[in-house]
Amino acid sequence: MMMVSFGIDISDNDISCSESLIENVKADLGRITIAGAKFAKLSNVTGDDIVITAVIEDDSLLESVNHAIYCVLKDNAEGFDDLNGVGKTPEDAGEGISYAQIKLNPDYYPDAIIVGFDTYGGEDYVDDMARCVLEVVSGMTSVGDCATSLTSSIKEIPGVGYVSNMTDDPVVMIATEDIKKVGIIAGALTGALQGYKNAYLVEHNTPANVLPGSVIFTVTALMNSNVIDLAHPLDHSMRLLEK
């Protein structure tokens, strides 16, 4: 049993995703379940990047589900730079899809925290931010498998093709195995990320209206197939109490 996430820019601008793009992708997610996914969700919308996340109960259906996700992205794309970066061979690999997968414990709900990033100019410290998330959550109580889309060379996306290490705007996936610990895990990684200069937690579908040199990120709890944007809950829990 596993979970996969595809992060990609299929917008026609560098700032945001149109409402029509978001609605069209959501309306097409049924094609992914037909291909074998237990469920598929638009888990993150961060600036001009989106993340589709799917759960696969039968690992043999990984390639079929991945291909269906790719087709949904391609058929609804308004911009094609990242899609064109996916090569049929390792030699053709370019800047393409940010892909990650994790194993899920079948004894628990298929729950996870998904972190999506968007950079305006491919700011290089975003890679360090993604690695930092793994460093913070690895070994935490009730964290199962965790992974990032980052790669140091060529990465094969099963059923889709190949992407290079030039792929930016990473995705981080963290399996959670205790509903009471989700807030602790999300709070820990968010606190670490906000320690970076010019890094901002945002709500889903917030445009990247920031000075270049900045990174925005979204944090999602995917709980029993429900998508929960954690921006407001985290902001509320971190508020200063009045004197």
Side-chain angles (χ1 to χ4, degrees), residues 3-9 11 14-15 43-53 81-82 85-86 93-102 112-140 143-157 162-176 182-204 206-222 229-231 234-235 238:
M3 180 181 287
V4 298
S5 283
F6 280 59
I8 190 169
D9 172 8
S11 177
D14 296 324
I15 303 296
S43 61
N44 300 64
V45 183
T46 318
D48 63 359
D49 284 85
I50 66 171
V51 177
I52 292 179
T53 299
D81 287 349
D82 282 2
V86 180
E95 181 180 330
I97 296 167
S98 296
Y99 174 78
Q101 67 181 54
I102 55 175
I113 295 171
I114 313 296
V115 186
F117 297 87
D118 182 38
T119 60
Y120 184 81
E123 286 74 16
D124 56 6
Y125 68 92
V126 72
D127 289 0
D128 189 62
M129 293 176 68
R131 294 188 189 97
C132 178
V133 173
L134 293 186
E135 291 174 0
V136 168
V137 303
S138 295
M140 289 185 70
V143 167
D145 195 14
C146 54
T148 175
S149 60
L150 296 176
T151 179
S152 59
S153 56
I154 304 297
K155 172 180 281 191
E156 180 181 7
I157 303 175
Y162 299 86
V163 295
S164 76
N165 59 355
M166 296 300 293
T167 300
D168 59 5
D169 299 338
V171 174
V172 181
M173 311 176 70
I174 304 144
T176 59
V182 169
I184 297 171
I185 298 164
L189 72 87
T190 300
L193 292 179
Q194 288 186 312
Y196 282 84
K197 183 179 180 181
N198 298 332
Y200 303 97
L201 171 66
V202 298
E203 297 178 73
H204 286 204
T206 298
N209 291 327
V210 293
L211 290 171
S214 301
V215 174
I216 63 174
F217 65 96
T218 54
V219 182
T220 298
L222 198 55
D229 181 2
L230 294 181
L234 288 169
D235 179 64
M238 294 178 183

Between [X] and [Y], is there a donor-acceptor pair closer than 3.5 Å when you use the side chain of the first and the backbone of the second?
X: S11; Y: D48; value: no
X: N165; Y: S152; value: yes
X: S5; Y: A100; value: no
X: E135; Y: V133; value: no
X: Y125; Y: K197; value: yes
X: K155; Y: Y162; value: no

Taking C-beta and beyond as the side chain, do [X] and [Y] meet within less than 4.5 Å on heavy atoms?
X: I52; Y: S43; value: no
X: L222; Y: M3; value: yes
X: V171; Y: T148; value: no
X: V210; Y: N198; value: no
X: V163; Y: I154; value: no

Find the distance between [atom1] ([X]) and [atom2] ([Y]) and round it off to the nearest 0.5 Å.
X: D9; Y: E95; atom1: CG; atom2: CD; result: 9.0 Å
X: H204; Y: T46; atom1: NE2; atom2: OG1; result: 6.5 Å
X: F117; Y: N44; atom1: CZ; atom2: CG; result: 10.0 Å
X: M129; Y: L134; atom1: CE; atom2: CG; result: 13.0 Å
X: D49; Y: T218; atom1: CG; atom2: OG1; result: 9.5 Å
X: D235; Y: E203; atom1: CG; atom2: CD; result: 9.0 Å

Heavy-atom pair of closest approach, residues [X] and [Y]:
X: A186; Y: I113; result: N-CD1, 3.8 Å
X: C132; Y: A192; result: SG-CB, 3.9 Å
X: V202; Y: A231; result: O-CB, 3.7 Å
X: A208; Y: D118; result: CB-OD2, 3.6 Å
X: V51; Y: G7; result: CG2-CA, 4.0 Å
X: G94; Y: T167; result: O-OG1, 3.7 Å

**Q.** Residue pair F6, S98: steps toward the side-chain contact (heavy atoms from CB on, under 4.5 Å) verdict
**A.** CA-CA 6 Å; F6 280 59; S98 296; over 6 Å; no
Q) Can D169 and T119 be counted as having a side-chain donor-acceptor contact under 3.5 angstrom? A) yes
Q.
Is it true that Q194 and Y196 share a donor-acceptor pair across their side chains at a distance under 3.5 Å?
A. no
Q.
Does M238, at its CE atom, have more than 12 non-hydrogen atoms belonging to other residues, nucleotides or ligands within less than 6.0 Å?
A. yes
Q. F217 and V219: side-chain contact (heavy atoms from CB on, under 4.5 Å), yes or no, with the steps?
A. CA-CA 7 Å; F217 65 96; V219 182; 3.9 Å; yes
(Q) For a side-chain contact (heavy atoms from CB on, under 4.5 Å) check, start with the C-alpha distance between L201 and L234, then their side-chain angles and the critical distance, and finish with the verdict. (A) CA-CA 9 Å; L201 171 66; L234 288 169; 4.2 Å; yes
Q.
If you apply the rule side-chain contact (heavy atoms from CB on, under 4.5 Å), what do you find for M140 with I174, and how did you get there?
A. CA-CA 11 Å; M140 289 185 70; I174 304 144; over 6 Å; no
